[in-house]
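Data block below; observations after.
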Amino acid sequence: MFKLLFKNFKVKEWLMFAISIGLIVLQVWLELKTPEYMSAITMLVETEGSAMKDIWINGGYMLACALASAVCSVIVGFFAAQVSSSFARRTRAQVFDKVIGFSKNEMKKFSTASLITRSTNDVTQLQRFVAMGLQVIIKAPIMAVWAILKILGKSWQWSVATAAAVLLVMSVIILLICIVMPKFKKMQTLTDNLNRVTRENLKGVRVVRAYNAENFEENKFENANADLTKANLFAGRMMSMLGPVMTLAMSGLSLAIYWIGASIINGSQDMQRLTMFSDMVVFSSYAMLVVMSFVMLTMIFIMLPRATVSARRINEVLNTTSSINDGGLAYPTDGQGEIIFKNVSFKYPDADEYVLKNINFTARKGETVAFIGSTGSGKSTLIDLIPRFYDVTEGQVLIDGVDVRDYKLDHLHNKLGYISQKAFLFSGTIASNLSFGDDIDGKPSEEELARAVKIAQAKDFVDKQELGFAAPITQSGTNVSGGQKQRLSIARAIARKPEIFIFDDSFSALDYKTDKKLRKALDKHLKDSTRLIVAQRIGTIKDADKIIVLDEGNMVGMGTHDELMSKCPVYKQIALSQLSKEELK
């Protein structure tokens with residue numbers, strides 16, 4: 001944990017840290033100076049003929065020490081807030097940047113709910129620890145050691161009583177940490193689960209209502225909430241025992257000091273009694289400061305287990321190495337967009353069986369290559385190899401004669417227009433969604449957006465909006481229909497003007513009329529681009545230049561529609577299951 005803290009501290013934070021240490025030392029000195037003035041006042045009060053002026057002077061010194069200590073405390077608190085906030089911002093950004101660079105393989109290791117918790121709740125736990133630690137972790141040991149040095153040699157009986165109180169407090173703290181530490185680990189996992197259930201309910205609220213499953217989902221949430229509540233209650237109840245123990249230790253120590261002091265004073269000579277009484281007052285103050293130092297450390301011990309767990313979870317993300325390494329080649333400006341799959345085989349990490357086996361084909365500039373097959377045949381996995389969501393296990397995927405693993409990722413992605421199987425829109429406006437991404441050629445103009453919308457058959461929808469391209473889009477595009485969402489996703493890809501288009505079953509939500517008009521527009525306006533289409537509907541791909549049929553990860557056919565109908569039984573079976581012979585002709 002401390003390695004993560006030190007690594008994320010910058011020069012400014014280290015400077016604040018150094019100043020804070022100096023101010024804390026000054027604050028401790030001022031607080032330890034106060035009992036000395038109290039002892040002087042006690043001596044003056046008990047001594048006949050003492051001047052009232054001297055009492056006021058010592059009282060003034062006490063007040064000045066208290067005010068100066070308060071000022072130091074405020075400054076240290078300000079620096080602690082600055083350092084902890086900067087640390088949290090930097091750590092949260094590191095986690096976010098790391099996650100953005102993850103491939104699908106790494107994303108499967110961490111659930112979405114867990115990553116949300118790690119970048120929010122876990123970072124907050126560390127932020128609190130840094131804020132409290134800067135004020136307490138440094139101050140408490142200095143205060144304890146300095147106060148102990150002050151009381152050494154006063155009376156061995158008082159020292160034994162103080163040591164017994166400290167030993168009691170430390171024993172209880174260690175015992176509670178051993179009991180509660182496993183619960184803190186479990187609490188973070190349970191927080192992940194609660195986030196997962198909540199996120200799942202919010203995203204699927206329409207399905208929940210449609211199937212009248214509110215009670216089922218409420219029970220699922222209640223179970224997750226109850227598990228987290230039980231863990232919190234157990235940890236809270238255990239740690240709450242520290243309060244009574246601290247009160248017992250401090251009250252018992254005060255009673256012991258005065259009881260022992262009374263015995264010592266009664267056995268002393270008259271000349272020594274005043275000195276012993278003054279020593280008892282001072283020792284009592286210092287002893288309370290020693291115990292208070294351990295009380296302050298207790299606050300850290302309460303936060304330390306959970307902060308340690310949070311740091312470990314954050315480090316798990318930061319120390320995860322992405323399986324997709326960036327190449328060094330820039331994409332050529334005269335790229336044609338030709339794609340070659342050469343003896344490509346793929347299996348998921350830690351899997352025994354191959355998902356794709358010995359795939360060979362070429363998609364030339366201006367060609368439309370379609371992929372079809374039963375569910376689970378490997379269609380989406382195959383096209384995921386082009387933008388390097390995964391890397392091939394065997395063979396090569398070449399674009400313009402260069403292995404995709406050799407390209408810089410940002411250059412490679414800027415040459416691809418990818419429309420995912422599940423169309424996704426971001427919160428913002430139609431224009432912000434269509435202009436999404438960081439293109440080498442800059443953001444598309446309004447004319448280019450209008451062209452993209454027209455080709456994607458979304459012009460009528462956009463024109464009907466009162467604000468046009470400025471019309472708002474909610475998160476995930478919940479305020480538009482599935483077909484409108486798909487058309488806007490297609491328009492977003494067209495606006496990038498890439499050499500290669502990848503349509504991963506991107507026409508499924510469109511009616512047949514719109515589907516046909518859209519494919520004609522793509523053929524007319526994007527004839528110089530390479531187009532890869534994954535589809536379930538024969539009508540969507542029957543006019544493609546080349547159709548590749550997949551079955552259980554194997555290529556069982558490749559050719560035009562007419563060729564496959566005559567020589568590929570798998571394709572013919574799929575076609576006849578959707579359309580009649582007359583429709584196919």
How would you list, by chain and number, every residue that makes a ring pair (Phe, Tyr, Trp, His ring centres under 6.0 Å) with F426, sequence neighbours excluded?
F424, F436
For residues 78-85, please give each side-chain donor-acceptor pair under 3.5 Å, one per line with the distance, not counting sequence neighbours.
residue	atom	partner	partner atom	Å
S84	OG	A80	O	2.9
S84	OG	A81	O	3.2
S85	OG	A81	O	2.8

Donor-acceptor pair between N193 and R196 side chains, under 3.5 angstrom:
yes
Check whether [X] reaches the backbone of [Y] with its side chain - one donor and one acceptor, N or O, closer than 3.5 Å.
| X | Y | result |
| --- | --- | --- |
| N479 | P472 | yes |
| T393 | K347 | yes |
| Y407 | I399 | yes |
| T124 | T120 | yes |
| K98 | T320 | yes |
| T429 | S432 | yes |

Taking the side chain as every heavy atom from C-beta outward, state whether [X] and [Y] have any atom pair closer than 4.5 Å.
| X | Y | value |
| --- | --- | --- |
| I430 | F461 | yes |
| V71 | L67 | no |
| K186 | D227 | no |

Can you list everything that forms a salt bridge (charged side-chain N to carboxylate O under 4.0 Å, His left out) with [X]? Sequence neighbours excluded, please.
| X | result |
| --- | --- |
| D505 | none |
| E214 | none |
| R487 | none |
| R118 | E316 |

Which residues share a side chain to side chain donor-acceptor pair (under 3.5 Å) with [X], sequence neighbours left out:
| X | value |
| --- | --- |
| T117 | D192, N195 |
| T478 | T474 |
| E394 | Y354 |
| Q125 | none |

Side chain to side chain contact (heavy atoms under 4.5 Å, CB included) filter on N232, not counting sequence neighbours, yields M187, L228, R306
Tell me every residue that passes side chain to side chain contact (heavy atoms under 4.5 Å, CB included) with L409, counting only those two or more places apart in sequence or in another chain.
I324, D326, R388, H413
For K408, is there an ion pair with D410 - N to carboxylate O distance below 4.0 angstrom?
no
F501 and F503 aromatic ring geometry - parallel, tilted or perpendicular at 30°/60° bounds
parallel
Ring geometry between Y418 and F389 (parallel below 30°, tilted from 30 to 60°, perpendicular above 60°)
perpendicular
